Each structure stands twice: as structure tokens, then as C-alpha cells.
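Below is one structure, written out as C-alpha cells, with a few remarks after it.
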Amino acid sequence: MIEDIKYIAQTAGEIIRGYFGKNFSVEFKSDVKNLVTQADKESEKAIIEFIKKKYPLHGILAEESGSQSKESDYLWVIDPLDGTSNFAHGLPIFSVSIGLQFKREIVAGVVYDIMRDKLYSAEKGSGAFRDNVRISVSKNSIIEKSFLVTGFPYNINENPENAFEKFIAMTKSARAVRRLGSAAIDFCYVAEGVFDGFWEVHLNPWDICAGKLLVEEAGGMVTDFIGQPIDIFNKTILASNGIIHKKMISILREN
Ligand code: IPD
Ligand code: CA
Ligand code: CA
């Protein structure tokens with residue numbers, strides 16, 4: 001099945017790439033910050049059509065069309081375009097993220113970094129890969145030398161989980177903190193050791209599913225802010241190389 005997931009993630013990515021920098025329709029979701037474009041919708045349509053044709057009995061949870069639950073043990077968790085704001089404004093950092101659960105356990109995850117044409121994939125127990133080359137998390141153990149990434153949710157004005165305070169504290173502690181705008185790509189960069197850690201205060205299942213498995217299969221750790229195991233429905237997420245995890249938790253807990 002991993003080959004099917006890779007195939008449909010790339011196919012959906014090609015649809016999105018075709019719209020990049022061109023004309024496409026844009027609508028608002030919850031408010032003017034939260035966009036959905038024609039590319040999000042067409043990507044999701046292509047992915048869902050593929051699943052329905054090849055795996056008609058499987059359940060689907062997709063960002064734009066919601067849940068199509070079936071009696072199946074399989075659940076596809078889909079972000080058809082992660083980084084919509086970047087895409088809509090012409091910043092080439094966005095991805096397609098597809099995770100697969102079996103009996104509520106994530107068994108496969110694929111993130112396609114569309115403009116860099118990089119395909120990240122992982123199967124439970126088999127390691128994490130970028131374009132079929134094995135990747136692993138960084139070995140950095142010193143928070144002052146750490147290169148971190150975060151993101152902000154659409155409801156940031158409510159400052160959920162003291163997001164601003166946490167951002168300030170991490171920025172003071174780390175070498176640098178970046179904000180890329182695609183949570184799925186943030187996870188990939190932790191998995192391949194570019195970033196030592198990633199946290200975000202309010203994510204959705206489709207932001208988390210593939211990326212969590214990628215980081216874990218690359219040797220890293222993914223928990224909530226107090227170090228507890230998470231499932232895809234957890235909002236707060238901390239992913240790291242595992243070595244600086246405790247230190248990141250103490251900063252997140254104090255702020
Ligand atoms: C968003 C991106 C962003 C993160 C937001 C997400 P979307 O997803 O992953 O990096 O900070 O929390 O909602 O809306 O572009 O699919
Ligand atoms: Ca997303
Ligand atoms: Ca999205």
C-alpha cells in the first residue's frame with residue numbers, strides 16, 4: 001500500500017504545482033485568515049477518488065470534506081494541501097500529507113514536499129525515507145545549539161496554550177526558531193535532522209498523522225507537552241530528536 005500512497009500524494013502534488021503562481025479561486029473558511037483554494041479541493045478530490053476506487057471499504061478523514069467512516073479497520077487521514085497560506089501567497093513551502101491508520105495505529109505516512117519534489121515516506125517498523133534514502137533525526141543534545149521550528153494556528157489571536165510566551169521562551173533558549181507554514185514539512189525536517197525539534201499548540205489529525213510516524217521511524221520522539229504519548233486527535237504536539245525532548249518539555253511547561 002505504501003507505493004499507492006506515494007503515487008497518489010505525488011499525483012495530488014502535481015495538480016497543486018500546476019496552479020502555483022497562476023489563477024485559482026480562494027474562499028475563506030472560519031475567517032479571513034483561514035483559506036481554502038481550488039488547489040486544496042482538487043487535490044483532495046483526486047486522493048479520495050483514488051482511495052474509493054482501489055480501497056472502497058476503507059474509512060477516510062480528510063481536511064476539506066471531513067469524515068467518511070466505514071466499518072473498516074483502515075483510516076486514511078489526509079491533508080490535501082498543507083501550507084495553504086504559503087501556496088496562496090506564492091511562497092513555495094507546502095505539501096501533501098497522507099497517513100494511514102490500521103486499528104487506530106499509524107502504519108504508513110507520506111509527505112510530498114511539492115516544490116522541492118521530495119517524497120518522504122515511512123512504514124511502521126521499517127524506517128523513514130526521503131526519495132527512498134534512509135533518513136534519521138539529529139544527534140544534537142544541547143538546547144543552546146538547537147535549531148527549532150514551530151507554527152501558529154488560525155486561532156492564534158486567542159493565544160491558545162500561551163503560544164506567544166512559549167515562542168518567546170524557546171527563541172531565547174535555542175540557536176534559532178523558524179516558522180515555515182507547513183506542519184507536515186516541519187515534521188519531515190525533524191525526521192531528517194535539519195531541525196532538532198518542532199512544537200505547535202493546536203494541530204489537527206491531518207497535520208499530524210504522516211509526520212508523527214516519519215519522526216518516530218527516523219528515531220525521534222513525538223509526545224504532548226508533558227511527554228505523554230499522543231494520538232492524532234491531540235492538539236499539542238512536540239516532536240524532536242528525542243535527546244532534547246526533556247529540555248523542550250521543561251521550557252514548554254514553564255511558559
Ligand atoms: C496549517 C499549516 C501551518 C500550521 C497550522 C496548520 P493548512 O495547515 O500546517 O504550518 O501552523 O496550524 O493549520 O491550513 O495550511 O493545511
Ligand atoms: Ca494542515
Ligand atoms: Ca490543508
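We number each residue from 1, following the sequence as shown. Note that ligands are numbered from 1 as they come in the structure, with each ligand's atoms numbered from 1 the same way. What you see is a predicted model, and the numbers here were worked out from it, not measured in a lab.
Here the side chains of D224 and L238 are not in contact, with every heavy-atom distance at 4.5 Å or above. With a 4.5 Å cut-off on side-chain heavy atoms, V77 and I232 count as touching.
Metal site remark for the Ca ion (ligand 3): L81 contributes an N, O or S atom at a distance under 3.0 Å. Within the 3.0 Å limit, D207 places no N, O or S atom next to the Ca ion (ligand 3).
When each atom of ligand 1 is checked for a heavy atom of A183 under 4.0 Å away, the hits are 2 (C), 9 (O), 10 (O). Atoms of ligand 1 found under 4.0 Å from any heavy atom of R179, numbered from 1 in the order shown, are 3 (C), 10 (O), 11 (O). Proximity to E63 (heavy-atom distance under 4.0 Å) selects the following atoms of ligand 1: 16 (O). Listed by number with element, the atoms of ligand 1 under 4.0 angstrom from any heavy atom of G151 are 11 (O). Each of the atoms 9 (O), 10 (O) of ligand 1 lies under 4.0 Å from some heavy atom of S182. With ligand atoms numbered from 1 in the order given, ligand 1 contributes 12 (O) to contacts under 4.0 Å with heavy atoms of L203.
Relative ring orientation between F87 and F94 is described as perpendicular, the plane-to-plane angle rising above 60° on a 0-90° scale split at 30° and 60°. The aromatic rings of Y7 and F50 lie tilted to each other, with the angle between the two planes from 30° to 60°.
In this structure, L81 is part of the shell of residues with a heavy atom less than 4.0 angstrom from ligand 1.
If you take CG on D196 and CD1 on I244, they are separated by 5.0 Å, rounding to the nearest 0.5 Å. In this structure, CD1 in I237 is found 3.5 Å from CD1 in I208, a value given to the nearest 0.5 Å. Going from atom CD of Q68 over to atom CH2 of W76 covers 13.0 Å, rounded to the nearest 0.5 Å. How far NE2 of H202 is from CD of E158: 8.5 Å, rounded to the nearest 0.5 Å. Here CZ of F225 is found 10.0 Å from CG of N234. Values are rounded to the nearest 0.5 Å.
At least one N or O atom of E200, backbone or side chain, sits closer than 3.5 Å to an N or O atom of ligand 1. Below 3.5 Å of separation, one finds an N or O of D79 facing an N or O of ligand 1. Considering backbone and side-chain atoms alike, G83 places an N or O below 3.5 Å from some N or O of ligand 1. Considering backbone and side-chain N/O atoms, D82 comes within less than 3.5 Å of an N/O atom of ligand 1. Looking at ligand 1, you'll find an N or O of T84 within less than 3.5 Å of one of its N or O atoms.
If you look at F198 and F187, their ring centroids are closer than 6.0 Å.
When every heavy atom of I243 is checked against every heavy atom of K139, the shortest pair comes out as CD1-O, 3.4 Å. In plain terms, the two heavy atoms of S95 and V111 that are nearest each other are CB-CG1, 3.8 Å.
Of all protein heavy atoms, the one lying nearest to atom 3 (C) of ligand 1 is G181 O, 3.6 Å.
D82 has its closest N, O or S atom to the Ca ion (ligand 2) at the position named OD1.
The residue K29 has no part lying near ligand 1, judged by heavy-atom distances below 4.0 Å. Residue contacts with ligand 1 for D207 involve side-chain atoms from C-beta outward but no N, CA, C or O (heavy atoms, distance under 4.0 Å).
Considering the Ca ion (ligand 3) as centre, the angle to OD1 of D79 and to OE1 of E63 is 90° (10° rounding).
Compare F152, F87, Y154 by their heavy atoms: the one nearest to atom 7 (P) of ligand 1 is in Y154.
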